[in-house]
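The sequence lines fix the lettering, A, B, ..., with proteins before strands; numbering per chain opens at 1.
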There are 2 protein chains.
Amino acid sequence: MTRITATYDIETPSGLAHAAAVLAGEQSTGTFVRLASETDELRDRSGARVENITQTATAKTPSLPSRKTGDTYERGLVTVSWPMGNFGTSLPTLMSTLAGNLFELAELSAIRLVDVDLPEQFAHDHPGPQFGVEGTRAFMGGHKGPLIGTIIKPSIGFTPDETADLVKTLVTAGIDFIKDDELQANGPDCPFEDRLNAVMRVINDHAERTGKRVLYAVNITDEIDQMWRNLDAMDRVGATCAMVCVNSVGLTGLRAVRSRSKALIHGHRAGWGLFSRSPDIGVDFGVMQKLWRLAGVDHLHVNGLANKFTESDDVVARAARSVQQPISKHGGPAHTAMPVYSSGQTIWQVDPARQLLGNDDFIYCAGGGIMSHPSGVADGVNSLRAAAEAARLDIPLEEFATPNSPLRKAIETFKKPNITLSDF
Amino acid sequence: MTRITATYDIETPSGLAHAAAVLAGEQSTGTFVRLASETDELRDRSGARVENITQTATAKTPSLPSRKTGDTYERGLVTVSWPMGNFGTSLPTLMSTLAGNLFELAELSAIRLVDVDLPEQFAHDHPGPQFGVEGTRAFMGGHKGPLIGTIIKPSIGFTPDETADLVKTLVTAGIDFIKDDELQANGPDCPFEDRLNAVMRVINDHAERTGKRVLYAVNITDEIDQMWRNLDAMDRVGATCAMVCVNSVGLTGLRAVRSRSKALIHGHRAGWGLFSRSPDIGVDFGVMQKLWRLAGVDHLHVNGLANKFTESDDVVARAARSVQQPISKHGGPAHTAMPVYSSGQTIWQVDPARQLLGNDDFIYCAGGGIMSHPSGVADGVNSLRAAAEAARLDIPLEEFATPNSPLRKAIETFKKPNITLSDF
């Protein structure tokens, strides 16, 4: 396959066929008025092609304000393809083409990029995750099962030493994974390198005594030269996981981190709501996660089932599964990443989180679900690990939990949330 | 001033005061449940503060779907401030904080970041435009007045030689500025360096013969290492303007270009509709343009009056003015950039485009407005230059145009668009 294919959910007052043609034209050889220089031969070579149109609804009012109006607004899925000759496998130009000016077309009163089908060549031309699941487990000394993790809270405000104190509590409690909050990067009140060094002393000390190497995803998010210096600082103290806020640095910043990193890249999607929240404009996670994986994330946040934010469980489930699927269905390296569940997670979401993946290759981050356990942080971690074991054995939590165990106490403490999964 | 202040337009089923508090908490020291470790002292030092709340409307239905619902939805402007100690002047962490997880808060059924007030320190800590207006004019040999420019069309599909042929027509016609389309970067069918070299031969030859150095904004958008190689290639052939699709490369990619560029940086905002199009989620241009200028753009696209896309004329006018205003109202380098008008521009929008700025420090790009002139491309350029002179002298076009002049023919050819400016 030598064409890139994208599917959009659009709404238009101009008729779906016309709107699709405008979209394809604007994003390839066309402009508002056809030029003599846009010859048939040039169009055949470089033009985008409308591959399919499926109407899904009709409305009386537009979903988004627009210069163009009409009596009715047709909604539907349109699939458009581009020849690879236009931009090869460049991710930034893929973005300019698939998610560029088209968002502003007056012919569209809604537009979401919902799917992209990439030729195998993309999977070959990009580095992808450097370590992935196997590498993550290897860094930890062969860890089995899902990683039980947490986020340093308060998100911001701790000094480096206060951070290290909390990390000591957490590693002593047997946690597998600890991450900085996305707000905590390299501010004057908690400088990156001071925090890194303080935390890594605790982690290295714990590893020496126990043989267990806890992953610390330290937030390196910054300008590129500073992120590279942060990677060097990590290397000096044996830190193995770099967290990057992928929207805050942008695609090329992520790729620049990948080019120099000896550590895992933990992709945080802060700001994702801007892309995902409106049903009428945006980009589906299934599209962006391919680009982030091609650029090199080993782990990628997917929100959590019954989360505290706004995404439905179906959206979260699709996101989690998407990062374990191959980049291109036509072949090449799969470049799979580990999904990271987070936000309002307790023992109750472990089982469905595992079942929808069918494996243990995920990171499960809980805050209150660990820290609010009635008999302490260690029992909080143990209760989640027991829940993961129950999920692996496909035994209901209530049945699996022995009397007075950490899991039993967690069952009695945390309210079972309502999870609504239609696809799984 | 040592706090960063941001204003949001939000809608909520939970009451504006509560929603504002949740937003401030989520983006600083708070989490869903207050932790014992979030002490009053820590909160005083690092917490975000709600500075102001102004209700603007009440609705019966939510603007965006959300997990939290209510009987009514209050809408209003909330202003929140953060201490600089949390993240200093880091632009990526500014983004994670001001435009991060808050877009996904269940308490919000609409959220737009509409303004940011940056301390003077930001203007000192970032490079800003390297050349700006004065540098742009100097590169051209002292050009006066607005730059009359155009975009190479078809957007994509020309070979390097075909591109150079069109550029020859344009420079012979007396144009000041030529840019690649955002779709044309470094695809296999028109490799960057071949195109650059072919075009620069024409431009350098023209400069030698006439003394006029036309600016060619060549689209360098790519991964960072490739953009740096592109800059080197530009340097070798005396190219003086690098176009970067700021959304496609991300903030840190733009800054990385600035760190190595000896050329002007022409900022293209392809994809901006995703941020701007919905009234209920997004970021106002006035906010993002500050970040792009701090990171180093010399020129920045602002759409055009009576454009072919969806933005209203008031939005375009505010955008154009914003890039000429200082970064911080508290002091420091102003870091102003040149606004670039584009999309459906003819002789008719020159006057209002100038009046709303009050100066000639802008780039005016026309496609059909030049190429469709009845007596040819040179007269197309001349008609726009005459329109700019009429605007400077504040004389109506119809009065300024002499009989049979290029401007007169343009008046007779191009339909006068309806421009609606309320603020100016």
Requested in this report: Would you check, one step at a time, whether the test side-chain contact (heavy atoms from CB on, under 4.5 Å) holds for A:N303 with B:E104?
Outcome: CA-CA 10 Å; A:N303 208 337; B:E104 297 188 58; 3.7 Å; yes

Query raised in the report: Can you list the steps and then say if A:H268 with B:N101 is a side-chain contact (heavy atoms from CB on, under 4.5 Å)?
Result: CA-CA 10 Å; A:H268 192 285; B:N101 278 349; 4.1 Å; yes

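Heavy-atom minimum distance, B:G253 versus A:T252: CA-OG1, 3.3 Å. Shortest non-hydrogen contact noted between B:F103 and A:L274 is CB-N, 3.7 Å. For the pair A:S109 and B:R277, the tightest heavy-atom approach, listed with the atom from each and the gap, is CA-NH2, 3.9 Å. The two residues A:S37 and B:P154 come nearest to each other via the heavy atoms OG-CD, 3.5 Å. Of all the heavy atoms in B:F309 and A:E26, the pair that sits closest is CZ-OE2, 3.6 Å.
The CG atom of A:L183 lies 10.5 Å from the CG atom of B:L98; values are rounded to the nearest 0.5 Å. The line from CG of B:D280 to CD1 of A:I281 is 11.5 Å long, rounded to the nearest 0.5 Å. Atoms CD1 and CH2, on A:I156 and B:W82 in that order, are 11.5 Å from each other to the nearest 0.5 Å. Between A:E223 atom CD and B:L251 atom CG the span is 7.0 Å, to the nearest 0.5 Å.
For A:Q226, no part lies under 4.5 angstrom from a heavy atom of chain B. With a 4.5 Å cut-off on non-hydrogen atoms, B:P65 touches chain A through its backbone and its side chain both. For a residue to count as touching a neighbouring chain, one of its non-hydrogen atoms must lie under 4.5 Å from one of that chain's; by this rule A:S96 touches chain B with backbone and side chain alike. Residue A:E311 touches chain B through both its backbone and its side chain, counting heavy-atom pairs closer than 4.5 Å. For a residue to count as touching a neighbouring chain, one of its non-hydrogen atoms must lie under 4.5 Å from one of that chain's; by this rule A:A256 touches chain B with the side chain only. For a residue to count as touching a neighbouring chain, one of its non-hydrogen atoms must lie under 4.5 Å from one of that chain's; by this rule B:S278 touches chain A with backbone and side chain alike.
The residue among B:L254, B:L108, B:V249 with the most heavy atom pairs within less than 4.5 Å of chain A is B:V249. Comparing A:P83, A:G157, A:G47 by heavy-atom pairs within less than 4.5 Å of chain B, the highest count is held by A:G157. Chain B forms more heavy-atom pairs under 4.5 Å with one residue of A:L64, A:T39, A:T221 than with any other, namely A:L64. Chain A forms the most heavy-atom pairs under 4.5 Å with one residue out of B:K153, B:E162, B:M95, and that residue is B:K153. Comparing A:S63, A:S372, A:A306, A:C190 by heavy-atom pairs within less than 4.5 Å of chain B, the highest count is held by A:A306. Note: B:S248 leads B:S248, B:G187, B:G250 in heavy-atom pairs under 4.5 Å with chain A. Among A:S28, A:S276, A:A295, the residue with the largest count of heavy-atom pairs under 4.5 Å with chain B is A:S28. Chain A forms more heavy-atom pairs under 4.5 Å with one residue of B:S66, B:G367, B:S312 than with any other, namely B:S66. Interface remark: of the candidates A:E38, A:M371, A:R45, A:R112, A:R45 forms the most heavy-atom pairs closer than 4.5 Å to chain B. When each of B:T93, B:N86, B:T97, B:L166 is checked for heavy-atom pairs under 4.5 Å with chain A, B:N86 comes out on top. Note on B:P92, B:S46, B:A185: by heavy-atom pairs under 4.5 Å with chain A, the leading option is B:P92.
No side-chain heavy atom of B:S90 sits under 4.5 Å from any side-chain heavy atom of A:N186. The shortest distance between side-chain heavy atoms of B:S259 and A:D225 does not fall below 4.5 Å.
A donor-acceptor pair is defined here as one N or O able to donate and one able to accept, closer than 3.5 Å; no such pair exists between the side chain of A:R67 and the backbone of B:K308.
A salt bridge does not link B:D222 to A:R255: none of the charged nitrogens lies less than 4.0 Å from a carboxylate oxygen.
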